[in-house]
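Lettering of chains follows the sequences in order, A, B, ..., and the numbering in each one begins at 1.
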Amino acid sequence: MRTLFRFHGGIHPDEHKLESSESPARRAPLAKKLVLPLHQHIGNGAKVAVQVGDRVLKGQMLAGAQGMISAAIHAPTSGTVTAVAPHPVPHPSRLGGLCIHLESDGEDRWIALAPLDFHAMPKSELLGKLRDAGIVGLGGATFPTHVKYGLAPGQRIDTLVINGAECEPWITTDDRLMREHAEGIVRGIEVLRHLSGAAEVLVGIEDNKPQAIAAMRAACAAAPIEVVVVPTLYPSGGEKQLIRILTGKEVPSGGRPTNIGVACNNVATAYAIHRFVDHGEPMISRQVTVTGNVRVPQNIEVLIGTPLAEVVACAEALPGTSGYILGGPMMGLHVDDLHLPMVKSANCIIAKSGQLFPPPPPAMPCIRCTRCAQACPADLQPQDLYWFAKSNNFGKTQEFHLFDCIECGACAYVCPSHIPLVQYFRFAKSEIWQREREAQSAEVARERHEFRQFRIEREKQEKAERLAQKEKAALAAKPAVPAPLPVAADPNADPDNTLQMRVDADIARANMQMRIDAAVARAKEQAAIVQPKNTDDLTPHQQAEITEIETRRAKLREIASHAGADDEPSKSN
Amino acid sequence: MLSSPFITTPGSVSQIMLRVLLALIPGIAAYVWYFGPAILVSIALASVTALATEALMLKLRNRPLKPFLSDNSALITAWLLALSIPPLAPWWMVVVGTAFGIAVAKHLYGGLGNNIFNPAMIGYAVLIISFPGHMTHWLTPHAIGLLELPFADQLNYIFHGILPAGLTLDAVTTATPLDTLKTQLHLGLSVNDIREMPIYGFLGGKGGEMVALGFAVGGIYMLAARIITWYLPLVYLAALFSIAGFFHLYDPAHYASPMFHWFSGAAMLGAFFIFTDPVGSPTTRQGKVIYAAGAALLTWLIRTFGGFPDGVAFAALLMNICVPLIDAYTQPKVFGMKGDGK
Ligand code: SF4
Ligand code: SF4
């Protein structure tokens, strides 16, 4: 028996897994029109590689990866590209995103498919192929897989953690996938093991999935892969939490699993890799749980781009449905609009009804009971964070490690006062990003101004000097001493500019931008709820606040530069 | 709700508070058994006053009545205060203490969740400072051969201040066991001699020790139901035991035993119901330990050297002041800042 470790806190919400976990996964009917957002992963959106009117085959690349952190998008079926235009996409910002619109021809004709002999090629080539196959983490965070394994020189991965915990209530897609496709998952894990060079491979599965455990054990029997049963406790499927449970190591605050020699991927991602490596199929579909207030809760294999309405139709939403949750009830996204397309991150669609998801009672004041702190897997003090966020004391929220919050919702779940704590934390994060951005642009402007002043000064001085020298020369009637040449900076003297650093920066930037957009939009929406009503008479206070923020900028910048994949919703990819 | 999480626990503030009230019932039952039903009169008086004051303050502060009146927190204040003062106290004292606690200590600080001091203890402090005389007349426990006032006469005294002809208040009441111990020690008696007096039982005062036991039973229920965490009550009791035990071993004639400290006065009530008030106690685990140890030390010091009959209320108030400081210095390490391994 392997010794397991504990993470702090955690909760036991009602599981609601049996509704959808007991019937085999089905395939959704082919939609007539598909909409493919270019931005389905963390990082840069994909770059369109087709033109309106093009006829494309199933599996053909429609948009290529752009930059280091990006992934390609493919045609989920054969048909005609009808438009490249914005369309509402499932994203917290509720903004539209650029999408490729595809009209299927009903033939579902594949490109020529060929398996890959991954052992025979250099790792860098394999990574490139994964990127071009659009392989991203399917656990929820959609982090491009190739980036995780593009290690900097000197970096090493000892342990590969495969996440089959699936800790959020209602969701059963990984469970079904492990039961039905354990062999394929293990094939995918082999590819990841090869890529990471890890000596140890651990598959973590919560003990509420005995059949999945049995299936995975059977499939792993011949491979050096250990299936580890972990106790059911939300959020044990959070990347950092699962790594902690299995290895006892903690991903450092603001760091990434690779910092402690661990790589982590979801079972669904492993399966997608298997589909690609063994069958040549790029990522054009995924399995999703459709459950909640529906007649036949089930798991469905859905082509990316299929309108959610058609996915839900397979399960038949019942009367009394009041909106949907995309994702799980703890971290998911509320959507009203079922015209949204299926995306790579969508692992679950839950039809909400007043009975299944009753609105919470009105929030009461915090009574400092610390139930939230006892539940917090990040060891935070949510009651303090709440207090500071509510009073717009954002500097303090940072001191109290706001950016270590993984937005798992455990605190809000247990709060007897029913305070929407996570909303306050998202609000505070977005405010801080917003201010940071403003401060940054102000800084750039200031620097530009200062440099201009400096240049003008310098030119003036030089002019004066030249003049003086000319006079002197004329006076002495002998040639002036030439000024010494400035020593040129050595363009190669930048040893820090390693690949990894660039990757980090790239992630941080791309990620920040996305999160800022989302956060700003969310903040606008939430401002009404969480902002104190008397904002006008807060000016002196806010002034003080801004000054305070300024003094903390150094620290903030550090945090911001680390706001990479890791504190994205704590799902492993 | 349009933002995750979309599910919450069914628990609520009013449910938690209700369970705290339930947990007080064994102690109250023992109280009635040993001292008669007069305590129920003060509890009722305090409850009515607390709710009325709460309603009035909510109105003045323009807050909704229903959620806050039904959160049961005012009732806890009322019950704790009623249990801290003599049941024979005149009715207006109960009213003044409760109203002050709720109006000033709770609502002027911002209402539920915002009070720095425990409102019940503030009410108690006001009473003991303003009316020290009335606060020393406690009922004698049943059946120890002391004169007992019939319940009807007790009511008459509480509401009209009239005693049956020929009786004085001193004749039908006694000082608390803690108070008696202190006075008698001053008169030169040893702890053992004093403990021979009829008002003392096995552990503390007769009757009072059983009430304390009742509170402990309620406290254990709250621990089991996870309404409170163990850090605070257990550390408090352990610290009180150690301090009292140390001095008792050093000089048993002058320092009462640790058991006596546990089962006399409000120690048990304090350990499980007063210090554990979440609003006025630290939020961090380490902070709770420090807070509890400090409270125990203060309890013992005030009981042993102070001028008040018990030390629990003032220990609570003094420790309430330290909470922000304790919290600030005991922030736990967050995930990912502990280094590798454990
Ligand atoms: S659980 Fe709610 S009421 Fe309790 S301390 Fe946390 S925020 Fe406050
Ligand atoms: S949402 Fe953040 S603060 Fe709340 S429990 Fe999760 S990590 Fe902790």
Side-chain angles (χ1 to χ4, degrees), chain A residues 5 7-8 13-14 169 240 244 248-255 260 323 325 327-334 350 352 357 359-362 364-370 373-374 377-381 383-384 400-401 404 407 409-410 412-418 420 422-423 426 522 525-526, chain B residues 1-17 19-20 63-64 66-68 70-71 73 76 110-116 226-229 231-232 276-285 287-288 323-324 327-328 330-342:
Chain A
F5 296 82
F7 62 90
H8 177 263
D14 284 345
K240 293 177 175 184
R244 160 91 190 146
K249 294 183 195 166
E250 286 190 3
V251 177
S253 166
I260 50 168
I325 302 169
M330 296 302 296
M331 297 180 69
L333 188 70
H334 172 93
I350 306 175
K352 286 204 276 186
F357 296 91
M364 294 283 284
C366 167
I367 55 167
R368 290 168 48 92
C369 66
T370 66
Q374 287 163 40
D379 290 274
L380 304 178
Q381 301 285 312
Q383 77 281 353
D384 293 332
F400 279 70
H401 311 287
D404 284 298
E407 297 180 20
Y413 175 79
V414 297
C415 177
S417 288
H418 304 292
V422 186
Q423 278 187 46
R426 290 191 191 120
R522 252 190 331 224
E525 187 177 294
Q526 286 172 7
Chain B
M1 192 163 49
L2 295 184
S3 165
S4 60
F6 299 96
I7 47 178
T8 57
T9 35
S12 67
V13 174
S14 88
Q15 200 183 73
I16 292 176
M17 302 284 182
R19 292 205 187 153
V20 176
R63 292 291 192 291
K66 196 169 158 256
F68 288 104
S70 58
D71 68 20
S73 66
I76 293 186
L112 178 69
N114 292 302
N115 46 292
I116 296 172
R226 299 187 166 226
I227 294 169
I228 53 174
T229 48
Y231 309 96
L232 235 158
T276 51
D277 168 22
V279 180
S281 56
T283 50
T284 64
R285 242 173 292 170
K288 285 182 175 151
V323 166
D327 271 344
T330 54
Q331 284 300 314
K333 285 220 161 65
V334 306
F335 189 99
M337 289 199 169
K338 293 169 193 158
D340 274 3
K342 273 248 75 127

- prompt: Between A:M330 and chain B, which part of the residue has a heavy atom less than 4.5 Å away: side chain, backbone, both or neither?
  reply: both

statement: Honestly, the part of A:A373 sitting under 4.5 Å from a heavy atom of chain B is neither

- request: Name the member of A:P169, A:A410, A:G332, A:P361 that forms the most heavy-atom pairs with chain B at distances under 4.5 Å.
  value: A:G332

Under 4.5 Å from any heavy atom of chain B - which part of A:P13: side chain

message: With a 4.5 angstrom heavy-atom cut-off, is it the side chain or the backbone of B:I16 that approaches chain A, or both, or neither?
response: side chain

- prompt: Side chain, backbone, both or neither: which part of A:D384 has a non-hydrogen atom closer than 4.5 Å to chain B?
  reply: side chain

query: chain A heavy atoms under 4.5 Å from B:K66: which part of the residue, side chain, backbone, both or neither?
result: neither

task: First locate atom NZ of A:K240, then atom CZ of B:F335, and finally report the distance between them rounded to the nearest 0.5 Å.
output: 7.0 Å

field: Sidechain-backbone polar pair: A:H8 side chain, B:V334 backbone, donor-acceptor under 3.5 Å
entry: no

message: Restricting to non-hydrogen atoms, name the atom on B:S4 and the atom on A:R426 that form the minimum distance, rounded to 0.1 Å.
response: OG-NH2, 2.8 Å

- prompt: So, A:R368 side chain and B:S281 main chain: donor-acceptor pair closer than 3.5 Å or not?
  reply: yes

- request: Taking all non-hydrogen atoms of both residues into account, name the closest pair between A:F357 and B:F6 and its distance.
  value: CD2-O, 3.7 Å

query: Between B:P278 and A:I367, which heavy-atom pair has the shortest distance, and what is it?
result: CB-O, 3.3 Å

message: Determine whether A:Q381 and B:D327 satisfy the following criterion, side chain to side chain contact (heavy atoms under 4.5 Å, CB included), listing intermediate values before the conclusion.
response: CA-CA 10 Å; A:Q381 301 285 312; B:D327 271 344; over 6 Å; no

- request: Starting from the C-alpha separation in whole Å, work towards a yes-or-no answer on side chain to side chain contact (heavy atoms under 4.5 Å, CB included) for A:H401 and B:M337.
  value: CA-CA 11 Å; A:H401 311 287; B:M337 289 199 169; 3.7 Å; yes

query: With a 4.5 angstrom heavy-atom cut-off, which part of B:R226 approaches chain A: side chain, backbone, both or neither?
result: backbone

